Amino acid sequence: MRGQRGFNSLNRNCCFAGFLARPFREPFKLKKTNPVMSQDAFPVETRRHSAAHLMAAAIKDLYPTAKFGVGPATETGFFYDIALDEPLTPEDLPKIEKRMKELRKKKKYFQREEVSADEAIEYMKKEGQDFKVELLELLRDKGSTAIAKETGDESVVGEGETTISFYRTGDFVDLCRGPHVDHSGQVGHFKLRSIAGAYWRGDAKNAQLQRIHALAFETKEELDAELLRLEEQAKRDHRKIGKELNLYTLVEEVGSGLPLWLPNGNVIRDELERLGKTEEHKGGYKRVTTPQITKGDLYHRSGHLPYYAEDMYAPMKIDETDYYLKPMNCPHHHMIYAHDQWSYRDLPVRLAEYGNCYRYEASGGLSGLMRVRGFCMNDAHIYCREDQAKDEFLSVMHLHAKYYRMFGIDNFWMRLSLPDMENLDKYVDDAAGWKRALDILKEAMDESGYPYKEVEGEAAFYGPKVDFMVKSVVGTEYAISTNQLDFVATKNFNLGYTDADGEKKPVYVIHRAPLGTHERFIAFLIEHYAGKFPTWLSPVQAVVIPIADRHEDYAAEVKKKLLFSDVDTVHGGIRAETDFASERMQKKIRNAQTKQIPYMLVVGDAEAENGEVAVRHRDHGDLGTMTIDALIERIAKEQRTRTDEGA
RNA sequence: GCCGCUUUAGCUCAGCUGGUAGAGCAACGCAUUCGUAAUGCGUAGGUCACGUGUUCGAGUCACGUAAGCGGCACCA
């Protein structure tokens with residue numbers, strides 16, 4: 001047991017000769033056999049992962065009782081999950097970072113050693129590294145893939161390896177597949193950014209560790225650029241801009257996740273809603289309206305209470321009957337479909353509604369308008385024959401394409417969400433139904449030519465779906481639009497039609513919400529446009545700025561002409577205001593710029609005399625003077641085409 | 001929901017180790033009447049998120065609640 005002592009005194013010059021199959025090589029030897037490679041020889045992921053080890057080493061140094069979880073590289077850096085006796089606070093980060101930099105300077109070697117699983121376990125047990133022991137046992141009993149899947153850390157060990165590789169950096173020894181840089185001087189530049197809770201092995205039933213997130217890049221320039229980028233991104237945050245532009249507010253008195261839409265924000269809702277309604281009219285949809293609360297029986301029948309109850313609010317009792325706030329509009333639309341008899345000639349039947357829904361979201365998951373508890377969905381349900389399902393789904397995809405082109409959204413990906421076939425308890429159990437629905441969806445997607453990625457375990461309980469995934473400026477991914485193929489509703493609600501042969505046949509139901517919910521979609525648009533909405537979506541499209549008090553009457557006249565203009569906004573005229581504050585023109589221009597108002601109409605003596613306006617555009621500056629009619633025509637075109645004009 | 005942090009005027013934020021609050025912007029008033037991103041002067045505005053406690057004394061300390069933030073879990 002002579003190695004035991006070596007392991008127990010893991011200080012600087014100790015090696016593991018006695019315990020490990022072969023001793024770690026001494027640093028000076030490494031230096032000789034491993035001449036220092038040029039830094040660009042390491043991929044940045046290697047540096048990041050090595051930096052994670054370096055952070056662990058620094059923490060081990062500062063907090064000798066620390067227990068370590070996993071610490072993989074991320075897209076822009078790395079993190080490490082750690083359990084400490086006392087929780088770290090943000091003030092501890094600089095201290096850790098400082099220690100890391102000291103270690104980096106010392107060029108600590110990354111020493112690799114291979115041992116058997118049992119030896120590794122014994123070592124980690126002696127070290128009190130409970131989490132590592134658990135990982136090693138999992139690795140020994142279930143293999144490497146299980147670890148990668150469970151922890152999200154693929155760096156632990158390679159595929160199908162039987163021996164465990166260990167890496168030592170300073171006082172920190174970790175099981176790790178590698179590869180690593182040669183020494184700590186090569187990890188590159190890093191910045192510790194945040195500290196947060198994370199469940200061990202990603203399971204809420206387990207203990208929480210502290211996760212330290214860090215940025216890491218090869219050069220300081222890249223690190224600084226990323227910090228700058230993050231700073232710029234933060235400026236687009238819809239929560240910040242939403243406040244600055246008075247679009248919405250969340251108040252404690254109303255409740256978490258229940259936004260109040262202010263007049264400015266409501267304009268955007270109104271315009272979007274009209275876009276949806278117009279396109280749906282052209283697409284052969286009929287509009288319907290359904291109530292906000294509904295008897296529990298309907299949700300039993302739809303499958304919501306069996307499969308979706310934890311997302312629903314507690315029922316309220318009315319005349320001895322349970323009523324629920326509606327989490328989805330589909331059961332109601334199904335009832336509307338069921339209200340009539342349908343011939344094969346009538347299909348598809350398309351029912352559309354901007355429907356308000358309420359869903360329970362865990363308090364910690366709420367975020368501005370992105371994740372809320374009450375929202376309004378651009379919903380519709382298409383009832384069609386099986387032979388129509390593919391084409392109907394395709395035309396829904398084309399509607400998406402139209403919207404996304406219109407908004408200039410191209411940074412999204414499509415997720416074909418499948419059920420977890422091995423674990424169907426979250427889904428309606430009908431393997432054949434799932435397969436047919438999936439085949440139809442895939443066929444439609446393949447024919448559309450739009451690329452998509454299949455992801456297991458994300459399907460709705462009643463069918464597979466295609467979600468449009470976008471990232472918020474803070475990097476969180478959200479499904480912003482969703483389209484689902486439902487093969488269950490037809491059974492639960494006995495939804496059918498009479499076919500040419502006189503037989504009653506079942507329908508397929510397509511659930512679709514290409515504009516998602518107002519809340520999430522507008523949150524995304526705010527960030528997408530950084531608050532600079534195109535004219536057709538701008539809460540205020542033009543502000544009239546009188547140069548002196550004597551121009552106020554003319555300014556009021558201009559505003560009235562704009563309000564009464566024949567411009568096809570949802571409000572039936574240009575959204576115009578006047579600025580009669582006791583301020584200089586310059587200040588009023590500044591205020592209008594800050595509010596991202598597209599048109600500033602400066603009026604003074606000359607304009608009043610000629611019946612003109614001096615036009616300044618938010619993005620293009622001074623456009624010179626033009627007649628009021630010419631300006632109206634310009635805005636009318638922008639409104640009609642939903643596209644801004646150039647300079 | 002969980003871990004950690006935060007909450008002071010409409011907004012953004014100061015306020016050291018306890019001695020009953022301050023700035024800038026915004027608002028309002030007065031003066032100014034101005035030609036494309038901030039005119040000057042003045043006035044008003046705060047149960048220091050809420051509650052309980054410790055203390056002679058709490059914005060400051062402790063506990064609880066609420067809301068927000070960073071993550072994790074959840075995510076139709």
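The analysis underlying the following values was restricted to heavy atoms, covering all of them including side chains, and did not include hydrogens, waters or symmetry mates. In this text the structure is predicted, and so the values were computed from the model without any measurement.
Comparing A:Asn591 and A:Glu91, the nucleotide of RNA chain B nearest to each residue sits closer to the 5' end for A:Glu91.
Helical stems in RNA chain B, defined as runs of 3 or more consecutive Watson-Crick or G-U wobble pairs with donor-acceptor distances under 3.5 Å: B:1-7 with B:66-72, B:10-13 with B:22-25, B:27-31 with B:39-43, B:49-53 with B:61-65.
Across all strands shown, A:Ala606 has heavy atoms under 4.0 Å from base atoms, whether or not it also approaches the sugar-phosphate. Counting non-hydrogen atoms under 4.0 angstrom, A:Asp605 reaches a base of the nucleic acid. If you check every strand for non-hydrogen atoms under 4.0 Å, A:Lys243 touches sugar and phosphate atoms only.
The nearest whole Å value for the distance from the CG atom in A:Asn264 to the P atom in B:rG10 is 20 Å. Note: CD (A:Gln586) to C1' (B:rG40) measures 15 Å, nearest angstrom.
Remark: A:Tyr383 pairs with A:His334, A:Tyr337 by the ring-ring contact (aromatic ring centres under 6.0 Å, His included) rule, at least two apart or across chains.
Note that CZ of A:Phe79 is 14.0 Å distant from CG of A:Leu192, once rounded to the nearest 0.5 Å. With rounding to the nearest 0.5 Å, the separation of CG in A:Asp237 from CD in A:Glu244 is 10.0 Å.
Checking B:rG1, B:rU39, B:rA37 against the side-chain heavy atoms of A:Lys587 singles out B:rU39 as nearest. Closest approach to the A:Arg584 side chain among B:rA37, B:rU39, B:rU36 is made by B:rU39 (side chain taken as heavy atoms from C-beta onward).
Between B:rG1 and A:Lys205, no contact under 4.0 Å exists linking OP1 or OP2 to a side-chain N or O.
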message: Using a 4.0 Å heavy-atom cut-off to protein, can you give one letter per nucleotide of nucleotides 65-76 of chain B, 5' to 3': B if the base is in contact, S if only the sugar-phosphate is, - if neither?
response: -SSSSBBBBBBB

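Looking at A:Asp92, its side chain does come within 3.5 Å of a backbone N or O of A:Thr89 through a donor-acceptor pair.
Across all non-hydrogen atoms, the minimal contact from A:Leu366 to A:Ser256 is CD1-CB, 3.5 Å.
Scanning atom types as modelled, one donor and one acceptor separated by under 3.5 angstrom connect the side chain of A:Ser582 and the base of B:rU32.
Contact of the A:Leu88 side chain with the A:Tyr63 side chain is registered, since non-hydrogen atoms from C-beta on lie closer than 4.5 Å.
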